[in-house]
Amino acid sequence: MNHDLKDMTLEELERIVVGLGQKKYLAGYLFQFVHAQDGRDLPALTTLSKAFRAQLAEQGYFISQIKVADCLSDPDGSAKYLFELADGERIESVLLPDEDRLTLCVSTQVGCPMGCAFCATGKIQFRRNLTAAEIVEQVYAAEASLVARRSSLDEEPAADSGPALETSNLKLETPEARPRITNLVYMGMGEPFQNYDAVMRSIRILNHSSGRNIGIRHITVSTSGVAPAIRRFAKEEIRPRLAISLSAPADALRDRLMPINRKHPLPELIDAVRAYQAETGQRVTFEYVLIDKVNDTVNHAKLLVKLLRGLMYNVNLIEHNPFAGCEFTGSSRDRIQRFADELKEAGVETTIRFRMGRGIKAACGQLQAGYQPRKPAEGTRGTARHQ
Ligand code: SAH
Ligand code: SF4
(Lines give C-alpha, C1' and ligand atoms only; values in the text may rest on other atoms or scores of the structure.)
(Ligands and ions follow the chains in the order given, each with its own letter.)
Protein backbone atom coordinates (compact mmCIF):
# COMPACT_ATOMS: atom_id res chain seq x y z
CA MET A 1 0.00 0.00 0.00
CA ASN A 2 1.12 3.54 -0.81
CA HIS A 3 1.99 5.50 2.35
CA ASP A 4 3.03 8.80 0.78
CA LEU A 5 0.59 11.41 2.11
CA LYS A 6 1.58 13.79 -0.72
CA ASP A 7 0.19 11.31 -3.25
CA MET A 8 -3.34 11.34 -1.86
CA THR A 9 -6.48 13.25 -2.67
CA LEU A 10 -8.48 14.74 0.22
CA GLU A 11 -11.08 11.96 -0.10
CA GLU A 12 -8.37 9.30 0.24
CA LEU A 13 -6.91 11.03 3.28
CA GLU A 14 -10.38 11.09 4.83
CA ARG A 15 -10.68 7.33 4.40
CA ILE A 16 -7.28 6.79 6.03
CA VAL A 17 -7.99 9.13 8.93
CA VAL A 18 -11.36 7.49 9.62
CA GLY A 19 -9.73 4.04 9.27
CA LEU A 20 -7.31 5.02 12.02
CA GLY A 21 -10.27 5.81 14.31
CA GLN A 22 -9.88 9.60 14.06
CA LYS A 23 -12.33 12.34 13.12
CA LYS A 24 -12.75 12.81 9.37
CA TYR A 25 -12.17 16.61 9.44
CA LEU A 26 -8.57 16.04 10.55
CA ALA A 27 -7.85 14.90 6.98
CA GLY A 28 -8.48 18.53 5.93
CA TYR A 29 -5.65 19.70 8.22
CA LEU A 30 -3.35 17.08 6.76
CA PHE A 31 -4.21 18.01 3.17
CA GLN A 32 -3.75 21.73 3.83
CA PHE A 33 -0.48 21.14 5.62
CA VAL A 34 0.97 19.13 2.73
CA HIS A 35 -0.44 21.10 -0.21
CA ALA A 36 -1.10 24.69 0.95
CA GLN A 37 1.56 25.17 3.60
CA ASP A 38 4.38 23.18 1.98
CA GLY A 39 4.52 20.98 5.08
CA ARG A 40 7.33 18.47 4.82
CA ASP A 41 7.67 16.93 8.30
CA LEU A 42 4.81 15.27 10.16
CA PRO A 43 6.15 16.43 13.57
CA ALA A 44 5.62 20.04 12.44
CA LEU A 45 1.89 19.42 11.97
CA THR A 46 1.02 20.58 15.46
CA THR A 47 -2.68 21.05 14.73
CA LEU A 48 -2.87 17.24 15.03
CA SER A 49 -2.36 15.65 18.42
CA LYS A 50 1.05 14.21 19.19
CA ALA A 51 -0.57 10.80 19.60
CA PHE A 52 -2.15 10.93 16.14
CA ARG A 53 1.12 12.05 14.54
CA ALA A 54 2.87 9.15 16.24
CA GLN A 55 0.15 6.79 15.00
CA LEU A 56 0.64 8.00 11.40
CA ALA A 57 4.40 7.57 11.65
CA GLU A 58 4.04 4.09 13.19
CA GLN A 59 1.83 3.04 10.28
CA GLY A 60 4.55 4.14 7.88
CA TYR A 61 2.93 7.32 6.55
CA PHE A 62 5.35 9.98 5.31
CA ILE A 63 5.50 13.13 3.14
CA SER A 64 7.78 12.66 0.13
CA GLN A 65 10.06 15.32 -1.28
CA ILE A 66 12.20 15.71 -4.36
CA LYS A 67 15.60 17.38 -4.40
CA VAL A 68 16.68 20.28 -6.58
CA ALA A 69 19.91 18.86 -8.04
CA ASP A 70 20.58 21.83 -10.32
CA CYS A 71 18.99 24.97 -11.61
CA LEU A 72 19.98 26.93 -14.70
CA SER A 73 18.62 30.31 -15.67
CA ASP A 74 18.44 31.80 -19.15
CA PRO A 75 18.87 35.51 -19.88
CA ASP A 76 15.35 35.41 -21.39
CA GLY A 77 13.99 34.85 -17.84
CA SER A 78 13.22 31.13 -18.06
CA ALA A 79 14.81 28.60 -15.74
CA LYS A 80 15.34 24.86 -15.87
CA TYR A 81 15.30 22.65 -12.79
CA LEU A 82 16.96 19.29 -12.57
CA PHE A 83 15.20 17.28 -9.86
CA GLU A 84 16.42 14.11 -8.24
CA LEU A 85 13.76 11.63 -7.13
CA ALA A 86 13.93 9.34 -4.10
CA ASP A 87 15.30 6.43 -6.18
CA GLY A 88 17.97 8.60 -7.81
CA GLU A 89 16.16 9.04 -11.17
CA ARG A 90 16.19 12.55 -12.63
CA ILE A 91 13.64 14.75 -14.35
CA GLU A 92 13.49 18.35 -15.53
CA SER A 93 10.90 21.11 -15.20
CA VAL A 94 10.95 24.53 -16.82
CA LEU A 95 9.78 27.82 -15.33
CA LEU A 96 8.48 30.42 -17.78
CA PRO A 97 7.75 33.90 -16.39
CA ASP A 98 5.56 36.06 -18.60
CA GLU A 99 4.10 39.39 -17.49
CA ASP A 100 1.80 38.51 -14.59
CA ARG A 101 1.99 34.74 -15.13
CA LEU A 102 4.46 32.23 -13.81
CA THR A 103 4.11 28.99 -15.75
CA LEU A 104 5.74 25.70 -14.83
CA CYS A 105 6.20 23.01 -17.45
CA VAL A 106 6.14 19.70 -15.55
CA SER A 107 7.34 16.20 -16.40
CA THR A 108 5.14 13.13 -16.08
CA GLN A 109 7.63 10.33 -16.79
CA VAL A 110 11.36 9.68 -16.52
CA GLY A 111 12.19 9.59 -20.24
CA CYS A 112 9.38 8.93 -22.70
CA PRO A 113 8.32 5.69 -24.36
CA MET A 114 6.86 7.36 -27.46
CA GLY A 115 10.11 7.85 -29.38
CA CYS A 116 9.19 10.87 -31.52
CA ALA A 117 11.99 11.40 -34.03
CA PHE A 118 12.34 15.14 -33.41
CA CYS A 119 12.36 15.11 -29.57
CA ALA A 120 15.36 14.75 -27.25
CA THR A 121 13.23 13.14 -24.52
CA GLY A 122 12.11 10.52 -27.02
CA LYS A 123 15.73 9.62 -27.69
CA ILE A 124 16.51 8.58 -24.12
CA GLN A 125 15.39 5.33 -22.63
CA PHE A 126 12.00 5.31 -20.89
CA ARG A 127 12.62 4.50 -17.24
CA ARG A 128 9.39 4.83 -15.31
CA ASN A 129 6.18 6.74 -14.65
CA LEU A 130 6.15 9.48 -12.04
CA THR A 131 3.80 9.29 -9.07
CA ALA A 132 1.25 12.08 -8.54
CA ALA A 133 3.37 13.20 -5.57
CA GLU A 134 6.43 13.55 -7.83
CA ILE A 135 4.40 15.66 -10.24
CA VAL A 136 2.99 18.02 -7.58
CA GLU A 137 6.38 18.24 -5.89
CA GLN A 138 7.84 19.82 -9.02
CA VAL A 139 5.52 22.77 -8.32
CA TYR A 140 6.30 23.01 -4.61
CA ALA A 141 10.06 22.54 -5.04
CA ALA A 142 10.24 25.17 -7.81
CA GLU A 143 8.29 27.64 -5.65
CA ALA A 144 10.44 26.92 -2.59
CA SER A 145 13.59 27.53 -4.60
CA LEU A 146 12.19 30.85 -5.83
CA VAL A 147 11.57 31.92 -2.24
CA ALA A 148 15.08 30.85 -1.23
CA ARG A 149 16.48 32.65 -4.23
CA ARG A 150 14.59 35.84 -3.42
CA SER A 151 15.71 35.94 0.18
CA SER A 152 19.29 35.29 -0.85
CA LEU A 153 18.99 38.15 -3.35
CA ASP A 154 17.68 40.40 -0.57
CA GLU A 155 20.70 39.54 1.53
CA GLU A 156 23.48 39.40 -1.05
CA PRO A 157 22.56 40.79 -4.46
CA ALA A 158 25.57 39.14 -6.14
CA ALA A 159 24.43 35.55 -5.54
CA ASP A 160 25.08 33.62 -8.76
CA SER A 161 22.99 30.46 -8.59
CA GLY A 162 19.31 29.76 -9.18
CA PRO A 163 16.89 31.52 -11.47
CA ALA A 164 17.34 35.27 -11.60
CA LEU A 165 13.65 35.99 -11.89
CA GLU A 166 12.07 39.36 -11.67
CA THR A 167 9.09 38.57 -9.49
CA SER A 168 8.01 42.09 -8.57
CA ASN A 169 5.40 42.23 -11.36
CA LEU A 170 3.93 38.79 -10.63
CA LYS A 171 0.58 38.37 -8.95
CA LEU A 172 1.54 37.43 -5.42
CA GLU A 173 -1.27 35.56 -3.79
CA THR A 174 -0.23 34.88 -0.24
CA PRO A 175 0.04 37.14 2.78
CA GLU A 176 3.80 36.68 2.93
CA ALA A 177 3.86 37.62 -0.80
CA ARG A 178 5.78 34.58 -1.94
CA PRO A 179 5.91 33.86 -5.65
CA ARG A 180 3.33 31.30 -6.71
CA ILE A 181 3.13 29.34 -9.90
CA THR A 182 -0.04 30.50 -11.64
CA ASN A 183 -0.16 28.22 -14.69
CA LEU A 184 0.83 24.64 -15.35
CA VAL A 185 1.57 22.87 -18.60
CA TYR A 186 2.06 19.10 -18.70
CA MET A 187 4.63 19.41 -21.49
CA GLY A 188 7.89 18.35 -19.86
CA MET A 189 9.46 14.91 -20.11
CA GLY A 190 7.03 12.11 -20.90
CA GLU A 191 3.62 11.41 -22.39
CA PRO A 192 0.95 12.40 -19.81
CA PHE A 193 -1.65 9.98 -21.20
CA GLN A 194 0.71 7.02 -20.78
CA ASN A 195 0.62 7.85 -17.06
CA TYR A 196 -3.05 8.79 -17.03
CA ASP A 197 -4.06 8.01 -13.44
CA ALA A 198 -1.14 9.75 -11.75
CA VAL A 199 -1.53 12.78 -14.03
CA MET A 200 -5.25 13.14 -13.28
CA ARG A 201 -4.63 12.58 -9.58
CA SER A 202 -1.95 15.32 -9.56
CA ILE A 203 -4.41 17.70 -11.26
CA ARG A 204 -7.15 16.95 -8.72
CA ILE A 205 -4.66 17.65 -5.92
CA LEU A 206 -3.21 20.87 -7.40
CA ASN A 207 -6.65 22.22 -8.31
CA HIS A 208 -8.25 21.53 -4.92
CA SER A 209 -9.42 24.66 -3.11
CA SER A 210 -7.91 23.47 0.19
CA GLY A 211 -4.55 22.89 -1.47
CA ARG A 212 -2.65 24.93 -4.08
CA ASN A 213 -5.90 25.87 -5.79
CA ILE A 214 -4.48 26.31 -9.30
CA GLY A 215 -7.44 27.13 -11.57
CA ILE A 216 -8.41 24.28 -13.85
CA ARG A 217 -8.40 26.60 -16.89
CA HIS A 218 -4.81 27.51 -15.98
CA ILE A 219 -3.71 23.90 -16.50
CA THR A 220 -3.01 22.34 -19.91
CA VAL A 221 -2.27 18.70 -20.65
CA SER A 222 -0.47 17.94 -23.90
CA THR A 223 -0.64 14.53 -25.57
CA SER A 224 1.09 13.09 -28.59
CA GLY A 225 -2.26 11.54 -29.56
CA VAL A 226 -3.26 8.60 -27.40
CA ALA A 227 -6.76 8.49 -28.91
CA PRO A 228 -8.51 6.20 -26.36
CA ALA A 229 -7.20 8.38 -23.50
CA ILE A 230 -8.66 11.50 -25.17
CA ARG A 231 -12.09 9.81 -25.12
CA ARG A 232 -11.61 8.92 -21.45
CA PHE A 233 -10.43 12.45 -20.65
CA ALA A 234 -13.66 13.84 -22.15
CA LYS A 235 -15.62 12.15 -19.34
CA GLU A 236 -13.55 13.56 -16.45
CA GLU A 237 -15.36 15.81 -14.01
CA ILE A 238 -12.27 17.93 -13.38
CA ARG A 239 -10.78 18.56 -16.77
CA PRO A 240 -7.99 20.97 -17.73
CA ARG A 241 -7.32 22.29 -21.23
CA LEU A 242 -6.17 19.84 -23.87
CA ALA A 243 -3.34 20.24 -26.38
CA ILE A 244 -2.47 17.70 -29.05
CA SER A 245 0.93 17.45 -30.69
CA LEU A 246 0.25 16.85 -34.36
CA SER A 247 3.32 17.92 -36.38
CA ALA A 248 2.16 16.21 -39.58
CA PRO A 249 -1.06 16.46 -41.63
CA ALA A 250 -0.87 12.99 -43.21
CA ASP A 251 -0.38 9.46 -41.89
CA ALA A 252 2.76 8.50 -43.83
CA LEU A 253 4.73 11.48 -42.54
CA ARG A 254 3.30 11.25 -39.02
CA ASP A 255 4.14 7.54 -38.86
CA ARG A 256 7.74 8.51 -39.46
CA LEU A 257 7.89 11.45 -37.03
CA MET A 258 5.65 10.15 -34.24
CA PRO A 259 5.46 6.34 -33.91
CA ILE A 260 2.24 6.60 -31.82
CA ASN A 261 0.57 7.31 -35.17
CA ARG A 262 1.12 3.69 -36.27
CA LYS A 263 -1.02 2.61 -33.34
CA HIS A 264 -3.58 5.42 -33.45
CA PRO A 265 -3.55 6.92 -36.99
CA LEU A 266 -4.94 10.34 -37.85
CA PRO A 267 -8.55 9.30 -38.64
CA GLU A 268 -8.78 7.64 -35.21
CA LEU A 269 -7.17 10.65 -33.50
CA ILE A 270 -9.44 13.17 -35.22
CA ASP A 271 -12.51 11.04 -34.39
CA ALA A 272 -11.46 11.05 -30.73
CA VAL A 273 -11.09 14.85 -30.77
CA ARG A 274 -14.53 15.14 -32.39
CA ALA A 275 -16.01 12.94 -29.64
CA TYR A 276 -14.19 15.02 -27.00
CA GLN A 277 -15.68 18.22 -28.38
CA ALA A 278 -19.17 16.75 -28.67
CA GLU A 279 -18.94 15.81 -24.98
CA THR A 280 -17.27 18.94 -23.60
CA GLY A 281 -17.78 21.80 -26.06
CA GLN A 282 -14.12 22.71 -25.49
CA ARG A 283 -11.71 23.69 -28.18
CA VAL A 284 -8.25 22.16 -28.38
CA THR A 285 -4.81 23.45 -29.26
CA PHE A 286 -2.87 21.60 -31.93
CA GLU A 287 0.89 21.90 -31.60
CA TYR A 288 2.93 21.66 -34.76
CA VAL A 289 6.73 21.49 -34.64
CA LEU A 290 8.12 23.01 -37.83
CA ILE A 291 11.02 21.01 -39.26
CA ASP A 292 12.93 22.38 -42.20
CA LYS A 293 11.66 20.93 -45.50
CA VAL A 294 10.04 17.98 -43.73
CA ASN A 295 6.59 19.23 -42.70
CA ASP A 296 6.70 22.98 -43.33
CA THR A 297 5.53 23.60 -46.91
CA VAL A 298 2.44 25.55 -47.91
CA ASN A 299 0.96 22.28 -49.08
CA HIS A 300 1.40 20.79 -45.59
CA ALA A 301 -0.44 23.83 -44.21
CA LYS A 302 -3.30 23.33 -46.70
CA LEU A 303 -3.55 19.63 -45.78
CA LEU A 304 -3.60 20.56 -42.10
CA VAL A 305 -6.55 22.93 -42.57
CA LYS A 306 -8.40 20.21 -44.48
CA LEU A 307 -7.66 17.57 -41.83
CA LEU A 308 -8.96 19.75 -39.00
CA ARG A 309 -12.06 21.04 -40.78
CA GLY A 310 -15.12 21.03 -38.52
CA LEU A 311 -13.16 21.08 -35.23
CA MET A 312 -12.88 23.97 -32.76
CA TYR A 313 -9.17 24.64 -32.45
CA ASN A 314 -6.18 26.91 -32.59
CA VAL A 315 -2.68 26.07 -33.73
CA ASN A 316 0.63 26.70 -31.98
CA LEU A 317 3.59 26.62 -34.31
CA ILE A 318 6.90 25.70 -32.68
CA GLU A 319 10.19 26.05 -34.49
CA HIS A 320 12.06 22.76 -34.05
CA ASN A 321 14.61 23.17 -31.25
CA PRO A 322 18.00 21.60 -31.86
CA PHE A 323 19.76 18.94 -29.76
CA ALA A 324 22.88 16.84 -30.24
CA GLY A 325 22.40 13.87 -32.54
CA CYS A 326 19.14 15.09 -34.08
CA GLU A 327 18.81 14.65 -37.83
CA PHE A 328 16.47 17.65 -38.22
CA THR A 329 16.83 21.41 -38.27
CA GLY A 330 14.24 24.04 -37.50
CA SER A 331 12.44 25.85 -40.29
CA SER A 332 13.61 29.34 -41.20
CA ARG A 333 11.64 32.36 -39.99
CA ASP A 334 10.41 32.89 -43.55
CA ARG A 335 9.07 29.36 -43.91
CA ILE A 336 7.39 29.57 -40.49
CA GLN A 337 5.78 32.86 -41.45
CA ARG A 338 4.55 31.47 -44.79
CA PHE A 339 3.08 28.43 -43.00
CA ALA A 340 1.39 30.67 -40.42
CA ASP A 341 0.02 33.00 -43.13
CA GLU A 342 -1.54 30.06 -44.97
CA LEU A 343 -3.33 28.96 -41.78
CA LYS A 344 -4.42 32.49 -40.94
CA GLU A 345 -5.80 33.02 -44.45
CA ALA A 346 -7.93 29.93 -43.90
CA GLY A 347 -9.28 31.56 -40.73
CA VAL A 348 -7.28 29.45 -38.25
CA GLU A 349 -6.16 31.18 -35.06
CA THR A 350 -2.41 30.66 -35.19
CA THR A 351 0.39 31.56 -32.78
CA ILE A 352 4.09 31.24 -33.40
CA ARG A 353 5.39 30.07 -30.04
CA PHE A 354 8.19 31.96 -28.44
CA ARG A 355 11.22 29.67 -28.06
CA MET A 356 12.13 30.45 -24.47
CA GLY A 357 14.96 28.65 -22.71
CA ARG A 358 16.89 27.48 -25.78
CA GLY A 359 20.18 28.73 -24.33
CA ILE A 360 19.88 26.35 -21.38
CA LYS A 361 18.29 23.50 -23.37
CA ALA A 362 14.98 24.11 -21.65
CA ALA A 363 12.84 24.71 -24.75
CA CYS A 364 10.23 22.23 -26.06
CA GLY A 365 11.71 18.86 -26.84
CA GLN A 366 15.15 19.55 -25.37
CA LEU A 367 14.74 17.90 -21.95
CA GLN A 368 17.04 14.95 -21.33
CA ALA A 369 17.92 15.33 -17.62
CA GLY A 370 21.49 14.34 -18.41
CA TYR A 371 20.57 10.83 -19.60
CA GLN A 372 22.39 9.46 -22.63
CA PRO A 373 20.42 8.99 -25.85
CA ARG A 374 19.92 5.29 -26.57
CA LYS A 375 21.59 3.83 -29.63
CA PRO A 376 19.19 3.13 -32.50
CA ALA A 377 18.61 -0.59 -32.98
CA GLU A 378 20.12 -1.91 -36.21
CA GLY A 379 17.81 -1.87 -39.20
CA THR A 380 15.38 0.61 -37.64
CA ARG A 381 15.22 4.36 -37.55
CA GLY A 382 15.55 4.15 -33.81
CA THR A 383 12.11 5.58 -33.25
CA ALA A 384 9.91 2.51 -32.98
CA ARG A 385 9.73 2.10 -29.23
CA HIS A 386 6.34 2.88 -27.73
CA GLN A 387 3.81 1.16 -25.50
N1 SAH B 1 4.58 14.21 -24.67
C2 SAH B 1 3.67 15.27 -24.79
C3 SAH B 1 4.04 16.49 -23.98
C4 SAH B 1 5.51 16.84 -23.94
S5 SAH B 1 6.27 17.34 -25.44
C6 SAH B 1 3.47 15.65 -26.22
O7 SAH B 1 4.22 15.20 -27.07
O8 SAH B 1 2.52 16.38 -26.47
C9 SAH B 1 5.86 19.07 -25.52
C10 SAH B 1 5.84 19.66 -26.93
O11 SAH B 1 7.18 19.77 -27.44
C12 SAH B 1 5.09 18.79 -27.93
O13 SAH B 1 4.15 19.59 -28.61
C14 SAH B 1 6.18 18.32 -28.89
O15 SAH B 1 5.69 18.14 -30.20
C16 SAH B 1 7.18 19.45 -28.82
N17 SAH B 1 8.55 19.09 -29.21
C18 SAH B 1 9.16 17.91 -29.06
N19 SAH B 1 10.42 17.97 -29.54
C20 SAH B 1 10.61 19.23 -29.99
C21 SAH B 1 11.73 19.93 -30.56
N22 SAH B 1 12.90 19.35 -30.72
N23 SAH B 1 11.55 21.22 -30.89
C24 SAH B 1 10.38 21.85 -30.69
N25 SAH B 1 9.31 21.26 -30.12
C26 SAH B 1 9.41 19.95 -29.78
FE1 SF4 C 1 7.46 11.93 -25.74
FE2 SF4 C 1 6.17 14.21 -26.36
FE3 SF4 C 1 8.80 13.91 -26.88
FE4 SF4 C 1 7.03 12.54 -28.29
S5 SF4 C 1 7.23 14.78 -28.27
S6 SF4 C 1 8.92 11.72 -27.41
S7 SF4 C 1 5.49 12.08 -26.78
S8 SF4 C 1 7.84 13.95 -24.88
Side-chain angles (χ1 to χ4, degrees), residues 1-69 81-91 93 104 106-110 127-148 174-176 178 180-181 184 190 192 195-214 237-238:
M1 189 196 156
N2 180 11
H3 283 81
D4 183 358
L5 295 169
K6 196 166 268 173
D7 207 57
M8 295 172 195
T9 61
L10 178 58
E11 295 68 33
E12 287 166 336
L13 286 179
E14 284 171 350
R15 281 197 288 277
I16 288 168
V17 167
V18 170
L20 292 172
Q22 301 283 345
K23 294 266 188 301
K24 185 171 158 183
Y25 73 89
L26 294 176
Y29 290 154
L30 255 177
F31 190 83
Q32 269 177 18
F33 178 70
V34 175
H35 298 290
Q37 295 156 16
D38 298 337
R40 285 159 185 240
D41 294 311
L42 269 179
L45 180 45
T46 48
T47 38
L48 298 187
S49 71
K50 210 169 171 184
F52 183 30
R53 279 178 275 150
Q55 193 185 8
L56 284 168
E58 263 162 39
Q59 304 272 333
Y61 289 104
F62 65 99
I63 302 168
S64 68
Q65 241 179 285
I66 61 179
K67 271 200 296 216
V68 181
Y81 290 94
L82 176 67
F83 291 118
E84 190 176 307
L85 311 177
D87 61 358
E89 296 289 6
R90 280 160 292 145
I91 51 164
S93 313
L104 191 72
V106 293
S107 291
T108 55
Q109 298 182 307
V110 185
R127 301 173 75 92
R128 70 168 174 85
N129 280 335
L130 299 188
T131 64
E134 288 167 335
I135 299 172
V136 303
E137 251 293 274
Q138 294 170 57
V139 177
Y140 308 157
E143 284 180 349
S145 105
L146 278 171
V147 173
T174 55
E176 69 273 34
R178 57 182 299 171
R180 287 292 200 191
I181 282 155
L184 271 185
N195 187 14
Y196 189 93
D197 291 336
V199 162
M200 292 313 297
R201 172 186 290 265
S202 71
I203 290 165
R204 282 192 283 274
I205 292 171
L206 288 163
N207 170 247
H208 201 287
S209 57
S210 301
R212 276 294 289 106
N213 198 13
I214 299 181
E237 261 175 53
I238 294 177

Taking Glu134 for its side chain and Thr131 for its backbone only, find out whether a donor-acceptor pair lies under 3.5 Å.
yes

Could you walk me through whether Leu56 and Gln59 pass the side chain to side chain contact (heavy atoms under 4.5 Å, CB included) test, one step at a time?
CA-CA 5 Å; Leu56 284 168; Gln59 304 272 333; 6.0 Å; no

Can you list the steps and then say if Asp4 with Ser64 is a side-chain hydrogen bond (donor to acceptor under 3.5 Å, both in side chains)?
CA-CA 6 Å; Asp4 183 358; Ser64 68; 2.6 Å; yes

Rounded to the nearest 0.5 Å, how far does NZ of Lys24 lie from CD1 of Ile16?
14.0 Å

Under 3.5 Å: donor-acceptor pair, side chain of His208, backbone of Leu10:
no

Those residues at least two apart in sequence (or on a different chain) that pass ring pair (Phe, Tyr, Trp, His ring centres under 6.0 Å) with Phe52 are none

Apply side chain to side chain contact (heavy atoms under 4.5 Å, CB included) to Ile63 and Phe33, showing your working.
CA-CA 10 Å; Ile63 302 168; Phe33 178 70; 3.8 Å; yes

OG on Ser49 to CD on Gln22, rounded to 0.5 Å:
6.0 Å

Under 3.5 Å, is there a donor-acceptor pair between the side chain of Glu143 and the main chain of Ile181?
yes

Tell me every residue that passes ring pair (Phe, Tyr, Trp, His ring centres under 6.0 Å) with Phe83, counting only those two or more places apart in sequence or in another chain.
Tyr81

What pair of heavy atoms forms the shortest contact from Gly60 to His3, and how long is it?
O-CB, 3.1 Å

Any donor-acceptor pair under 3.5 Å from Glu89 side chain to Arg128 backbone:
no

Under the criterion side chain to side chain contact (heavy atoms under 4.5 Å, CB included), I'd like the reasoning laid out for Leu85 against Arg90: C-alpha separation, chi angles, the key distance, then a yes or no.
CA-CA 6 Å; Leu85 311 177; Arg90 280 160 292 145; over 6 Å; no

Quick one about Gln109 and Asn129 (side-chain donor to acceptor, distance below 3.5 Å, no hydrogens or angles considered), yes or no?
yes

N/O donor-acceptor pair under 3.5 Å between Asp41 side chain and Pro43 backbone:
no

With distance as the sole test, does Asn195 use its side chain to make a donor-acceptor pair with the main-chain N or O of Leu130 at under 3.5 Å?
yes

Could you measure the distance from the CZ atom of Arg212 to the CG atom of Leu184? Nearest 0.5 Å is fine.
8.5 Å

Check Ala198 against Ala132 and note the closest heavy-atom contact, atom names and distance.
O-CB, 3.5 Å

If I take atom NZ from residue Lys6 and atom CD1 from residue Ile66, how far apart are they, to the nearest 0.5 angstrom?
8.5 Å

Could you go step by step and tell me if Leu30 and Tyr61 meet the side chain to side chain contact (heavy atoms under 4.5 Å, CB included) rule?
CA-CA 12 Å; Leu30 255 177; Tyr61 289 104; over 6 Å; no

To the nearest 0.5 Å, atom OG of Ser202 lies from atom CD1 of Ile135 at 4.0 Å

Hey, is Lys67 close enough to Glu137 for a salt bridge, meaning N to O under 4.0 Å?
no

Side chains of Gln138 and Ser93: donor-acceptor distance under 3.5 Å anywhere?
yes

Please report the interatomic distance CG(Leu48) to CZ(Arg53), rounded to the nearest 0.5 Å.
7.0 Å

Give me the atom names and distance for the closest heavy-atom approach of Tyr140 to Val34.
CE1-O, 4.0 Å

Provide the full list of salt bridge (Lys or Arg N to Asp or Glu O under 4.0 Å) pairs with a residue in residues 195-208, sequence neighbours left out, each pair given once.
Glu12-Arg201, Asp197-Arg232, Arg204-Glu236

Heavy-atom donor-acceptor pair, Glu14 side chain to Tyr25 backbone, under 3.5 Å:
no

